[in-house]
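Right, one structure below, let's go through it.
Because the structure is predicted, anything quoted here is derived from the model rather than measured. The sequence lines fix the lettering, A, B, ..., with proteins before strands; numbering per chain opens at 1.
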Amino acid sequence: MDEIAEKSDFIRDIIREDLGKSKNTKKIYTRFPPEPNGYLHIGHAKAICLNFGIAEEFNGKCNLRFDDTNPTKEELEYVQSIKKDIKWLGFDWGQQEYYASDYFEKLFEFALILIKKGKAYVCDLSADEIRSYRGTLTSPGIQSPYRGRSIEENLLLFGQMRDGLFADGERVLRAKIDMSSPNLNMRDPIMYRILRSSHHRTGDKWCIYPTYDWAHGQSDSIENITYSICTLEFEDHRPLYDWFIEALGIHHPRQIEFARLNLTYTVMSKRVLLEMVEKKYVSGWDDPRMPTITGMRRRGYTPQAIRNFCQQIGVSKADSTIDMAFLEHFIREDLNKKTHRVMGVIKPLKVILDNYPAGAQEELDAINNPEDIEAGTRKVPFSKTLYIEQDDFMEDPHPKFYRLSVGREVRLRYAYFIRCTEVVKDKDGKIVEIHCSYDPLTKGGDAPDGRKVKATIHWVSAEHSLPAEVRLYANLFNNINPLKTEEGGNFKDNLNPDSLQTVKGCRLEPSLRGAKPGDTYQFERMGYFCVDPDSQNQETLIFNRTVTLKDDWAKIKTAG
RNA sequence: UGGGGAGUCGCCAAGUGGUAAGGCAACGGGCUUUGGUCCCGUCACUCAAAGGUUCGAAUCCUUUCUCCCCAGCCA
């Protein structure tokens, strides 16, 4: 690891305290336990970095375990995507790839033990009845009439449940705890339900499936997990997990809860993300606007940026919402160091250099990455007809605008100073092209007479440039908290209709020829862009804008 | 009005009785062939509030307030 300082947060503090002097004798085990019912998102990345990170730092191990206890929602596609995303993030679970479904038999035996101890019973109440018997937040529940069944009858019935003698939902196995507990999780929670649904791993072997509450803690115990790190909402499930573990007399992991990640202007709910995909509000789980790992990867995020982000946000128990700008800071930081700079004009404006010889052309030297001189230089072709960015020319310049305007001089990066002499418009008054003169003495970008220019702009040579499509992204939602809506509304009301802007007719410098999906560049002055997989078999390259560069001019402009 | 958590700068977050780290954002300035990067500076007399203990409190005690989670045979 490249971190110099020892990482510290309340979880690591607890572990250090537990370890105490026995630092070298105790082995610590963590686990990342996703349910394969959707793709991983940046919130999962936080949990992954925590669990794998801790295991690494304390010389322990981190298991990957799929909590696949609900076959109606889980699919193989999801387990594959989850494995791919964790690997991409740079973590390795080695041989420790487990599934709660691996423990179905063991869990069944555990259930038998509880029944024999009189701590679990088969209940014939319907789902509705169970709900009403449970009581409310402020009033205790009442006991099921089946609570007093004999151990023998429970054993028989539970066996019959497994053998498929009953219809789906007809009976359940419940823990016999306390119907008047102020903690609703302790009011005889359900351990098994009858569900005739094919499981992605066990097929049709089972028609009863353990609930998460029954499977999770025991799975951790079976795997000898020492720290079961989970999110806050499981805090009041902990007494239940403790109860099961103690009733069974098996290894007792220590559960520690932390606050899940929230990000402004997006949503971390798998339910919502699934709906976005299914209802086609986005192009898929890997839509570059999605906060999913696969979406961020396609957008151009790097594993390093995500890991740095996860490390810097910290871990605590206070609900928090991280500013999207914080995430963007880390991708800029990483890409600034790594990417080659290149010139690309997104919204072209034709420039004709009246005093440049027609038919002539030359090759100019450009630096690939000023942050990394080792990255070298490249040649960029120059000629009489160029394209510059429409936004770099203003007919009536704002007082703080110091780019091109009629009569003004700017530098073309790595090329020459040019001065605008004329604007040509069509009959509708739309600017079609501009004419400029160039100063041959300023080749390379410096004026021998020492005169300065206020701006340097990017450009491409029209005849040498490559066509491209660029996809510009904005927040998926307009509201800082998309789930916060008016009465009766839902997240769809907060969808940002302008979150994707597709720009065609962009022109790129020719060095980009042959760029492959996933390749990342900084388009000078415009932002970081990466080649989208959609450009695979097309003439025209397609780029995703990962993030803009910081832009003071944009701030001035919007401030008026 | 039951139970479980949490409240330190706009957003995160250190701090755990000795007199408020750091990052992001913001705002000034320097540098600049990217209005990028980089560099410098500003940004909590105050820690949800009110009392109390103490020489001394964000840290201890009391009371109050606010927010989040729990009534799936979801996880």
Side-chain angles (χ1 to χ4, degrees), chain A residues 8-9 33-35 37 67-70 72-74 123 125-127 130-132 134-141 168-174 180-187 189-195 208-209 211-213 215-216 230-239 257 259 264 270-271 312-330 332-333 336-337 341 343 366-367 370-371 400-403 410-415 417 442 444-446 452-458 480 522-527 548-557:
Chain A
S8 174
D9 53 60
E35 182 193 9
N37 68 340
D67 271 336
D68 53 353
T69 55
N70 184 356
T72 65
K73 292 184 177 170
E74 295 149 8
C123 180
L125 255 23
S126 69
I130 286 179
R131 189 183 317 116
S132 63
R134 185 150 36 222
T136 70
L137 294 179
T138 49
S139 60
D168 284 11
E170 198 176 328
R171 284 181 231 258
V172 292
L173 183 74
R174 305 175 70 176
S180 63
S181 170
N183 181 346
L184 305 218
N185 295 125
M186 303 298 270
R187 319 244 262 227
I190 286 152
M191 296 164 63
Y192 278 93
R193 70 279 217 191
I194 302 172
L195 214 56
I208 56 170
Y209 289 96
T211 57
Y212 174 85
D213 274 346
H216 186 78
C230 63
T231 43
L232 255 25
E233 67 269 28
F234 294 107
E235 205 148 15
D236 47 19
H237 290 236
R238 183 163 20 111
E257 308 85 6
T264 57
K270 274 207 263 183
R271 192 208 99 233
Q312 292 304 309
I313 54 178
V315 184
S316 75
K317 298 192 69 154
D319 290 322
S320 65
T321 303
I322 308 287
D323 195 329
M324 188 62 92
F326 198 51
L327 211 210
E328 292 181 340
H329 162 76
F330 290 98
R332 285 194 188 102
E333 176 186 66
N336 176 52
K337 287 185 295 200
R341 265 102 269 221
M343 291 194 282
I367 294 165
E371 307 294 319
K400 293 231 174 98
F401 179 85
Y402 46 79
R403 274 108 93 151
V410 298
R411 172 166 41 231
L412 293 180
R413 175 141 237 223
Y414 300 124
F417 285 11
T442 58
D446 283 308
K452 301 287 185 208
V453 97
K454 291 200 79 174
T456 300
I457 65 174
H458 60 99
I480 193 166
Q522 183 197 103
F523 288 6
E524 294 216 34
R525 307 203 309 129
M526 301 306 285
T548 61
L549 253 28
K550 287 212 277 181
D551 189 350
D552 281 343
W553 165 239
K555 282 195 254 181
I556 295 166
K557 216 169 31 178

Problem set entry | Distance test, side-chain N/O of A/Arg134 to OP1/OP2 of B/rC73, below 4.0 Å | yes
Exercise. Is the shortest side-chain N/O distance from A/Thr211 to OP1 or OP2 of B/rC73 below 4.0 Å?
Worked result: no
Exercise. By salt bridge (Lys or Arg N to Asp or Glu O under 4.0 Å), which residues pair with A/Glu235, not counting sequence neighbours?
Worked result: A/Arg238, A/Lys317
For this session: Check every strand shown and say whether A/Glu328 touches a base, only sugar-phosphate, or nothing at a heavy-atom separation below 4.0 Å.
Result: nothing
Problem set entry | Nearest to side-chain heavy atoms of A/Lys73, which nucleotide of B/rU37, B/rA71, B/rC74 | B/rC74
Exercise. Considering only side-chain heavy atoms of A/Asn336, which listed nucleotide, B/rU37, B/rU34, B/rA75, is closest?
Worked result: B/rU37
For this session: Quick one, give me the B/S/- string for nucleotides 2-11 of chain B, reading 5' to 3', where B means a protein heavy atom under 4.0 Å from the base and S means that only happens at the primed atoms, P, OP1 or OP2.
Result: BBSSS----S
Exercise. Of all residues at least two apart in sequence or in a different chain, which pass the side chain to side chain contact (heavy atoms under 4.5 Å, CB included) check with A/Leu549?
Worked result: A/Gln522, A/Tyr528
Exercise. With sugar-phosphate meaning primed atoms plus P, OP1 and OP2, does A/Ile130 contact a base, only sugar-phosphate, or nothing at under 4.0 Å between heavy atoms?
Worked result: base
Exercise. Does A/Arg193 place a side-chain N or O at less than 4.0 Å from the phosphate oxygens OP1/OP2 of B/rA75?
Worked result: yes
Exercise. So which nucleotide from B/rC12, B/rA71, B/rC27 ends up closest to the side chain of A/Ile313?
Worked result: B/rC12
Exercise. Considering only B/rA26, B/rG36, B/rA71, which nucleotide approaches the side chain of A/Lys555 most closely?
Worked result: B/rA26
Exercise. Contact class for A/Val315 vs. all strands (heavy atom < 4.0 Å): base, sugar-phosphate, or nothing?
Worked result: sugar-phosphate
Exercise. Taking the nucleotide of RNA chain B with the closest heavy atom to each, which residue, A/Ala554 or A/Ile194, is nearer the 5' end?
Worked result: A/Ala554
For this session: Report which part of the nucleic acid A/Arg332 touches: base, sugar-phosphate, or nothing (heavy-atom distance under 4.0 Å, all strands).
Result: nothing
Problem set entry | Residues that A/Ser8 engages under side-chain hydrogen bond (donor to acceptor under 3.5 Å, both in side chains), provided they are two or more places apart | A/Asp13
Exercise. With a 4.0 Å cut-off on heavy atoms, is A/Phe523 in touch with a base, just the backbone sugar-phosphate, or nothing at all?
Worked result: nothing
Exercise. Across the strands shown, which category fits A/Ile556 at heavy-atom distances under 4.0 angstrom: base, sugar-phosphate, nothing?
Worked result: base
For this session: Looking at every strand, decide which applies to A/Phe330 at a 4.0 Å heavy-atom threshold: base, sugar-phosphate, or nothing.
Result: nothing
Problem set entry | For A/Pro239, all residues meeting side chain to side chain contact (heavy atoms under 4.5 Å, CB included), sequence neighbours excluded | A/Asn183, A/Met186
Exercise. Heavy-atom distance under 4.5 Å between the side chains of A/Ile367 and A/Arg341, does that happen here?
Worked result: no
For this session: Identify whether any heavy atom of A/His458 sits under 4.0 Å from a base atom; if not, whether one sits that close to sugar-phosphate; answer base, sugar-phosphate or nothing.
Result: nothing
Exercise. With A/Phe234, which residues qualify under ring pair (Phe, Tyr, Trp, His ring centres under 6.0 Å), at least two apart?
Worked result: A/Tyr212, A/His237
For this session: Describe the nucleic acid contact of A/Glu35 in one word from base, sugar-phosphate, nothing, applying a heavy-atom distance below 4.0 Å.
Result: sugar-phosphate
Exercise. Taking all atoms of both residues into account, what is the closest heavy-atom pair of A/Ile130 and A/Leu125, and its distance?
Worked result: CG1-CB, 3.6 Å
Problem set entry | Under-4.0 Å side-chain N/O to phosphate OP1/OP2 contact, A/Lys550 with B/rU34 | no
For this session: Whole angstrom is fine here: how far is it from CD in A/Glu170 over to P in B/rC73?
Result: 17 Å
Exercise. Mind checking what makes side-chain hydrogen bond (donor to acceptor under 3.5 Å, both in side chains) contact with A/Asp67, not counting sequence neighbours?
Worked result: A/Arg65, A/His216
For this session: Measure the acute angle between the ring planes of A/Phe326 and A/Phe330, then classify it against the limits of 30° and 60° as parallel, tilted or perpendicular.
Result: perpendicular
Problem set entry | Any A/Arg131 side-chain nitrogen or oxygen under 4.0 Å from OP1 or OP2 of B/rG72 | yes
For this session: Under 4.0 Å between any heavy atoms, over every strand shown, what does A/Tyr402 touch: base, sugar-phosphate, or nothing? Just pick one.
Result: base
Exercise. In which ranges does RNA chain B form stems of 3 or more consecutive Watson-Crick or G-U pairs, distances under 3.5 Å?
Worked result: B:2-7 with B:65-70, B:10-12 with B:22-24, B:26-30 with B:38-42, B:48-52 with B:60-64
Exercise. With sequence neighbours left out, what residues match A/Lys555 under salt bridge (Lys or Arg N to Asp or Glu O under 4.0 Å)?
Worked result: A/Asp552
Exercise. Quick one: is A/Thr69 getting a side-chain N or O under 4.0 Å of the B/rA75 phosphate, OP1 or OP2?
Worked result: yes
Problem set entry | Touch class at under 4.0 angstrom, heavy-atom based, for A/Asp168 against every strand present | nothing
For this session: Under 4.0 Å between any heavy atoms, over every strand shown, what does A/Ile208 touch: base, sugar-phosphate, or nothing? Just pick one.
Result: nothing
Problem set entry | ring pair (Phe, Tyr, Trp, His ring centres under 6.0 Å) partners for A/Phe523, two or more places apart | A/Phe529, A/Phe543
Seminar exercise, completed: salt bridge (Lys or Arg N to Asp or Glu O under 4.0 Å) filter on A/Asp319, not counting sequence neighbours, yields none
Exercise. Ignoring hydrogens and angles, does a donor from either the side chain of A/Glu371 or the base of B/rG36 sit under 3.5 Å from an acceptor on the other?
Worked result: yes
For this session: Answer with base, sugar-phosphate or nothing: what part of the nucleic acid does A/Pro370 contact at a heavy-atom distance below 4.0 Å?
Result: base
Distances under 3.5 Å between nitrogen or oxygen atoms of protein and nucleotides 41-43 of chain B:
none

